[in-house]
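Beneath this line is the structure, given in structure tokens, with notes to follow.
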Amino acid sequence: MTFGLNPSQTTRAAQILRTLGTDWRTLLAGSEGYLTSPERTSLYRWPVAWGDQDSMGHVNNVMYNRYAESGRVAWAQKYGKFVDPAHGETWRDLATPRGSVGMILRKITTEFKFPMKYPDHITVYHRLHAEPGEADDAFMLDVLILSELHQRPAARCYEDCALYDYKLGKKTTMLPWMTEVLRETWRVQEVAKKENNAKVAELLAQVRQIEKESWDREDAVEAFG
């Protein structure tokens, strides 16, 4: 990094690397609309267990669905604790048959990005796939499973969740207040996507400026020592 850079350029390049090292989750996931604050993160640095691997020496494919499932439950519980505590009990009971409304996984699709291995940790984010409607009886969640070791997506999942009334024993529509809360989440997701894409663009512009000031200029001469 330091070859061919003056002290000022080296300082600027170091700041870029520092930002990438500390904010890589927000830049990567946030630019896609995932909300990355602790109150919104489904699972943070969850340890990959040795037993998560199969005979091929990498994390078994079914484990990614379990990571997504554990994250989905935590996602709902955090709504009850941080996002909408006024309806905390209902949010917490979404993953159980105790409440009046349940969240049941109807279908999951998983895309595997690379063979993750032990030891590693994962961070899992969920986001709404679309803005909720007033009479919806289901909603889609996009899931991003990040490898902390490699700082890249290990898998992506798409969860189709149906709403179920356990007392009546049939599907039900989204509660009005729940629709409003999730619509606000959708709005915040769109803001996060715009803001973080702007941050990524600014970092790329800074890198390009350093390149143009150093090796990628008309009078640049390669030195061989």
Side-chain angles (χ1 to χ4, degrees), residues 1 13-14 16-79 81-82 91-92 94-96 102-130 138-162 185 189 192-193 196-197 199-201 203-204 207:
M1 179 185 75
I16 292 171
L17 291 176
R18 188 177 301 112
T19 299
L20 293 175
T22 56
D23 299 344
W24 68 272
R25 299 178 195 84
T26 299
L27 294 170
L28 193 161
S31 63
E32 297 183 18
Y34 291 95
L35 303 179
T36 59
S37 68
E39 296 80 12
R40 297 281 195 167
T41 300
S42 300
L43 299 176
Y44 179 70
R45 293 189 56 80
W46 185 277
V48 173
W50 180 86
D52 291 350
Q53 299 178 112
D54 57 23
S55 60
M56 301 302 293
H58 56 71
V59 172
N60 188 273
N61 286 353
V62 74
M63 291 306 305
Y64 294 96
N65 289 353
R66 292 182 179 176
Y67 298 152
E69 178 183 58
S70 296
R72 184 173 69 255
V73 172
W75 173 85
Q77 291 177 339
K78 287 191 172 184
Y79 265 80
K81 185 175 183 180
F82 300 112
W91 287 111
R92 289 189 294 271
L94 275 180
T96 76
M103 175 178 60
I104 298 178
L105 183 65
R106 184 163 57 184
K107 182 176 68 173
I108 185 169
T109 302
T110 306
E111 298 176 356
F112 307 103
K113 298 304 179 180
F114 78 95
M116 188 167 56
K117 299 179 180 180
Y118 169 90
D120 204 336
H121 291 75
I122 58 166
T123 293
V124 179
Y125 298 110
H126 281 71
R127 72 176 181 191
L128 293 171
H129 182 78
F139 60 95
M140 288 279 295
L141 291 172
D142 298 335
V143 189
L144 181 63
I145 301 173
L146 297 179
S147 162
E148 290 283 321
L149 178 62
H150 298 279
Q151 296 188 350
R152 56 173 287 197
R156 293 177 183 272
C157 301
Y158 307 92
E159 299 176 324
D160 183 359
C161 302
T185 294
Q189 285 181 184
K193 184 189 302 183
N196 285 291
N197 271 294
K199 291 178 182 178
V200 171
L203 286 171
L204 291 173
V207 171

**OP:** For H58, look at atom NE2 and say whether over 12 heavy atoms of other residues, nucleotides or ligands are found less than 6.0 Å away.
**Re:**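 Enclosed.
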
Original post:
Do other residues, nucleotides or ligands put more than 12 heavy atoms under 6.0 Å from the NZ atom of K113?
Top reply: yes

Are any of the side-chain heavy atoms of [X] and [Y] separated by less than 4.5 Å?
X	Y	result
L141	L128	yes
L146	Y34	no
N196	V200	no
V48	L149	no
L35	T185	yes
E111	Y158	yes

Which value, rounded to the nearest 0.5 Å, describes the distance between [X] atom [atom1] and [Y] atom [atom2]?
X	Y	atom1	atom2	result
I104	D160	CD1	CG	12.0 Å
T26	K199	OG1	NZ	7.0 Å
M103	T96	CE	OG1	10.0 Å
E39	Y79	CD	OH	12.5 Å
R106	M140	CZ	CE	9.0 Å
L94	Q77	CG	CD	10.0 Å

What closest approach, in Å, do [X] and [Y] show between heavy atoms, and which atom pair accounts for it?
X	Y	answer
T36	T41	O-OG1, 3.2 Å
A74	S42	CB-O, 3.3 Å
I122	V124	CD1-CG2, 3.9 Å
K193	S31	CG-O, 3.3 Å
A68	C157	CB-SG, 4.0 Å
M116	S147	SD-CB, 3.8 Å

**OP:** Begin with the C-alpha distance, continue with both residues' side-chain angles, and end with the deciding distance and a verdict on side chain to side chain donor-acceptor pair (under 3.5 Å) for N65 and T110.
**Re:** CA-CA 7 Å; N65 289 353; T110 306; 2.5 Å; yes

Original post:
Relative to the ring of W75, is the ring of F139 parallel (under 30°), tilted (30 to 60°) or perpendicular (over 60°)?
Top reply: tilted

Subject >> Lys NZ or Arg CZ of R72 over Y67 ring: under 6.0 Å, within 45° >> reply: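 No, R72 and Y67 do not form such a contact.
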
**OP:** For the pair K78 (side chain) and P38 (backbone), establish whether a donor and an acceptor sit closer than 3.5 Å, ignoring hydrogens and angles.
**Re:** yes

Original post:
Do side-chain atoms of Q53 reach the backbone of Y118 as a donor and acceptor pair under 3.5 angstrom?
Top reply: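 Yes, because the side chain of Q53 sits within donor-acceptor range (under 3.5 Å) of the backbone of Y118.
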
**OP:** May I have the step-by-step check of side chain to side chain contact (heavy atoms under 4.5 Å, CB included) for D120 and H150, ending in yes or no?
**Re:** CA-CA 9 Å; D120 204 336; H150 298 279; 4.0 Å; yes

Subject >> Those residues that, when tested against H121, pass ring pair (Phe, Tyr, Trp, His ring centres under 6.0 Å) (two or more places apart) >> reply: none

Original post:
Considering residues at least two apart in sequence or located in another chain, which fulfil the ring pair (Phe, Tyr, Trp, His ring centres under 6.0 Å) criterion with F112?
Top reply: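 Scan of F112 (ring pair (Phe, Tyr, Trp, His ring centres under 6.0 Å), adjacent residues dropped) gives Y64.
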
Subject >> Ion pair check, E148 and R25, cut-off under 4.0 Å >> reply: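 Salt bridge present between E148 and R25.
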
**OP:** Among H126, R156, Q189, H129, find the residue that satisfies the side-chain hydrogen bond (donor to acceptor under 3.5 Å, both in side chains) test when tested with D142.
**Re:** H129

Original post:
Going through the checks in order, is the side chain to side chain contact (heavy atoms under 4.5 Å, CB included) test met by I108 and V143?
Top reply: CA-CA 10 Å; I108 185 169; V143 189; over 6 Å; no

